Amino acid sequence: MALLDAQRIRYVFLDRDGVLNRKRPEGEYVTRWSEFEWLPGSVEAVARMNRAGLTLILVSNQRAIALGLLDEAELEEIHGKMQAELAQHGGHLDAIYHCPHDYGQCSCRKPDIGLFQQARLRFPEAGPEASVVIGDSLPDIEAGKRLGMKTIFLAGDRDRQKAGFQIAAREADAVAKSLRDAVEIHLGLPLT
Ligand SMILES: [Mg+2]
Ligand SMILES: [Zn+2]
């Protein structure tokens, strides 16, 4: 049985690194497509949510841009390839928002909610009662909670766990070990 009231969920806000693709070691970033490694089952999970009629919105902190490790065009290219691979499996993300800033410079870097507010302009119904946030770090969970949205924390592998892990696991409405599990168990959408 799903822990969330999955029937009400129509919008899924997804973090990227550690949710769709394997998070790079702390302090390293995905700066080119060859560094983007899908996590097992994540492509299928995206397509499954698409088939269920959910709207999928990516909200991603991309501090690497502020650090000069990649630029907007390069990020765009990575996301283009990501969407192309999803499409090969019948999936897509409906919208992608990212924060290119460093800490403390903006109101869009999660746990701030600027990315969600940008999304709300395009998807006015993506409010707390209809939305869930799925992320693998505390800022994802904090942002979701600030908005009053349901939250699913992806606990992932122990070697990827970072500061705030225990708080995030406690604060989230649900904990799963992968996007695939979150979709199957908590959104009630079996993949097979
Ligand atoms: Mg992440
Ligand atoms: Zn920002």
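Whatever order the structure lists ligands and atoms in, that order sets their numbers, starting from 1. Numbering starts at 1 and runs along the sequence shown. Reckoned from all heavy atoms, side chains included, excluding hydrogens, waters and symmetry mates. Predicted model only: the values in this text are computed from it and were never measured.
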Chemist: Between N61 and C99, is any pair of side-chain heavy atoms under 4.5 Å apart?
Modeler: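 N61 vs C99: side chains touch.
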
Chemist: Of all N, O or S atoms in D15, which has the smallest distance to the Mg ion (ligand 1)?
Modeler: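 For D15, the N, O or S atom at the smallest distance from the Mg ion (ligand 1) is OD2.
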
Chemist: For the Mg ion (ligand 1), what is the closest N, O or S atom on D17?
Modeler: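 Per the distance ranking, D17 contributes O as its closest N/O/S atom to the Mg ion (ligand 1).
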
Chemist: Using 30° and 60° as the class boundaries, would you call the ring planes of F116 and F13 parallel, tilted or perpendicular?
Modeler: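 F116 and F13: tilted rings.
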
Chemist: With a 4.5 Å cut-off on side-chain heavy atoms, are V43 and L86 touching?
Modeler: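 Yes, their side chains come closer than 4.5 Å.
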
Chemist: So if I apply the side-chain hydrogen bond (donor to acceptor under 3.5 Å, both in side chains) rule between H98 and each of R16, Q62, E72, which one comes out positive?
Modeler: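 Exactly one candidate clears the test, E72.
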
Chemist: Please check if atom CD in E85 has more than 12 non-hydrogen atoms from other residues, nucleotides or ligands closer than 6.0 Å.
Modeler: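 Buried by this count: over 12 neighbours within 6.0 Å.
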
Chemist: Under 2.8 Å from the Zn ion (ligand 2), how many protein N, O or S atoms can be found?
Modeler: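 My tally for this metal is 4.
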
Chemist: Are any N, O or S atoms from D140 nearer to the Mg ion (ligand 1) than 2.8 Å?
Modeler: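 It does not; every qualifying atom lies at 2.8 Å or beyond.
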
Chemist: In terms of side-chain geometry, is the basic nitrogen of K110 or E142 positioned less than 4.0 Å from the acidic oxygen of its partner?
Modeler: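 Between E142 and K110 there is no salt bridge, as every charged N stays at least 4.0 Å from the carboxylate O atoms.
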
Chemist: For R24, is there an ion pair with E35 - N to carboxylate O distance below 4.0 angstrom?
Modeler: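 Yes, charged N to carboxylate O under 4.0 Å.
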
Chemist: Could you tell me which N, O or S atom of D136 is nearest to the Mg ion (ligand 1)?
Modeler: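 For D136, the N/O/S atom sitting closest to the Mg ion (ligand 1) is OD1.
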
Chemist: Which atom pairs, one a donor and one an acceptor, fall under 3.5 Å between side chains of residues 100-108 and the rest of the protein, sequence neighbours left out?
Modeler:
residue	atom	partner	partner atom	Å
D102	OD1	R63	NE	2.6
Q105	OE1	D102	N	3.3

